[in-house]
Amino acid sequence: MSNKICELLGIKYPIFQGGMAWIADSTLAASVSEGGGLGIIASGNAPADYVRNEIRKAKELTDKPFGVNILLMSPYAEEIAKLVCEEGVKVVTTGAGNPGKYMDMWKQSGIKVIPVIPSVALAKRMERVGADAVIAEGCEAGGHIGELTTMVLVPQVVDAVKIPVVAAGGIGDGRGVAAAFMLGACGVQLGTRFLTAYECNIHRNYKDKVLKAKDTDSVVTGRCTGHPVRVLKNKLAKELEAIDRYNPDPEKVEELGVGSLRKAVIDGDLDNGSFMAGQIAGLLHKEQSSKEIIEEIFKEAEEIMGKKFW
Ligand code: TUI
């Protein structure tokens with residue numbers, strides 16, 4: 001059976017690995033692409049040279065398609081937007097903003113553009129300016145999130161646009177994938193599940209924190225800044241939560257947040273790190289290779305659906 005996302009991108013399974021800042025490097029992205037999904041290198045707030053190097057490393061590791069995620073609030077977004085054209089990247093996903101101003105340049109370079117959107121209005125705008133598909137991300141997701149849950153966002157976006165919709169947020173296994181397809185999505189993006197991949201080079205403390213998390217262990221911080229972020233609970237998250245609740249102070253939140261993702265990913269600093277993860281972390285208890293993750297998920301989804309639907 002044909003699937004619009006698989007056809008659009010030339011991949012085996014309609015699954016993307018989320019472009020997680022500081023986390024999704026060429027090793028993780030290439031492992032997902034080799035496993036039949038779409039691996040995505042995160043540019044986060046990194047300079048263009050870092051991203052160029054990761055793109056070149058990924059090309060050495062796989063000849064399958066992979067993508068680059070551009071965080072639109074990065075100071076290097078403009079430079080990286082040009083770099084993906086120079087490097088012949090096949091797919092760009094975007095986060096935390098409106099990529100409208102880069103759209104023509106990317107389309108002229110033959111790049112498939114798939115923005116992450118948290119609302120129907122932005123999905124429609126993205127379709128109008130030429131997006132090839134959209135990723136509708138619900139607030140169950142880790143990291144920077146919108147207001148709506150995946151369950152309500154996905155079907156409303158599906159009804160509002162003609163381009164394919166990829167569902168993200170709260171999906172961790174074959175049941176979640178089957179549910180996303182029932183809502184009308186024709187692909188999925190998973191971040192948190194790939195944190196448990198052997199090929200995911202995060203600090204041991206980060207991986208263990210995800211593997212040990214239970215259903216209620218994440219919290220949304222930074223609401224007062226206008227950029228709410230879902231993280232696993234720890235000392236820093238409690239401090240940030242208290243600021244939001246009792247004494248909203250965006251500058252204080254920014255100050256505490258600076259470098260905190262690095263502290264989690266590189267240093268494994270359990271008190272002061274920002275351990276971004278989605279609500280589905282509570283479901284995850286084992287490490288696997290990216291290929292095993294993808295194959296297990298689609299075997300389970302196929303069993304539930306009673307047929308191959310991709
Ligand atoms: O971007 C993400 N997730 C992220 S980015 C990130 S790095 C970061 N670190 C600290 C503070 C904030 C971010 C960690 N996780 N997901 C995609 C996503 N995009 N979620 C929400 C949005 C979004 C929000 C508003 C997309 C577009 C948008 O548009 C506003 C507008 O301009 O209309």
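Ligands are counted one by one from 1 in listed order, and the atoms in each one are counted from 1 as well.
For atom 13 (C) of ligand 1, the candidate residues are M73, M126, H227; the nearest heavy-atom contact is made by M73. For atom 3 (N) of ligand 1, the nearest non-hydrogen atom from the set M276, E147, H144 comes from H144.
No N or O atom of G142 sits closer than 3.5 Å to an N or O atom of ligand 1.
Looking only at side-chain heavy atoms (C-beta outward), I293 and R193 come within less than 4.5 Å of each other.
With respect to E303 and K299, a salt bridge is recorded, a charged nitrogen being found less than 4.0 Å from a carboxylate O. K238 has no carboxylate O lying under 4.0 Å from a charged side-chain N of E241, or vice versa, which leaves the two without a salt bridge. A salt bridge between E7 and K112 is absent, with no side-chain N of the basic residue lying under 4.0 Å from a carboxylate O of the acidic one.
The protein heavy-atom contact nearest to atom 7 (S) of ligand 1 is L71 CD2, 3.8 Å. The protein atom (non-hydrogen) at minimum distance from atom 19 (N) of ligand 1 is A96 N, 3.0 Å. When hydrogens are left out, the protein atom nearest atom 24 (C) of ligand 1 is P118 CG, 3.7 Å; that is the closest non-hydrogen contact. Among protein heavy atoms, the minimum distance from atom 11 (C) of ligand 1 is reached at V229 CG2, 3.7 Å. Of the protein's non-hydrogen atoms, the one nearest atom 30 (C) of ligand 1 is G97 CA, 4.4 Å.
Within the structure, ring pair (Phe, Tyr, Trp, His ring centres under 6.0 Å) contacts touching residues 65-104 (residues at least two apart or in different chains) are Y102-W106.
Side-chain contact check for S290 and E199: at least one donor-acceptor pair (N or O, by modelled atom type) lies under 3.5 Å.
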Q: Please assess E79 against R52 for the test salt bridge (charged side-chain N to carboxylate O under 4.0 Å, His left out), listing each intermediate value before the final yes or no.
A: CA-CA 11 Å; E79 238 178 293; R52 188 189 303 275; over 6 Å; no
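The closest approach between any non-hydrogen atom of G257 and ligand 1 is not below 4.0 Å.
Applying the 6.0 Å contact sphere to NZ of K12 captures no more than 12 heavy atoms from other residues, nucleotides or ligands.
Interface of V116 with ligand 1, defined as ligand atoms under 4.0 Å from a residue heavy atom, comprises 17 (C), 18 (C), 19 (N), 26 (C). Each of the atoms 14 (C), 15 (N) of ligand 1 lies under 4.0 Å from some heavy atom of G143.
With a 4.0 Å heavy-atom cut-off, ligand 1 is reached by the side chain of E137 but not by its N, CA, C or O. Counting heavy atoms closer than 4.0 Å to ligand 1, residue N45 contributes nothing at all. At a heavy-atom distance under 4.0 Å, only side-chain atoms of L122, from C-beta outward, approach ligand 1.
Summarising the geometry, atom CD belonging to E239 is positioned 7.5 Å from atom CG belonging to N272; distances are rounded to the nearest 0.5 Å.
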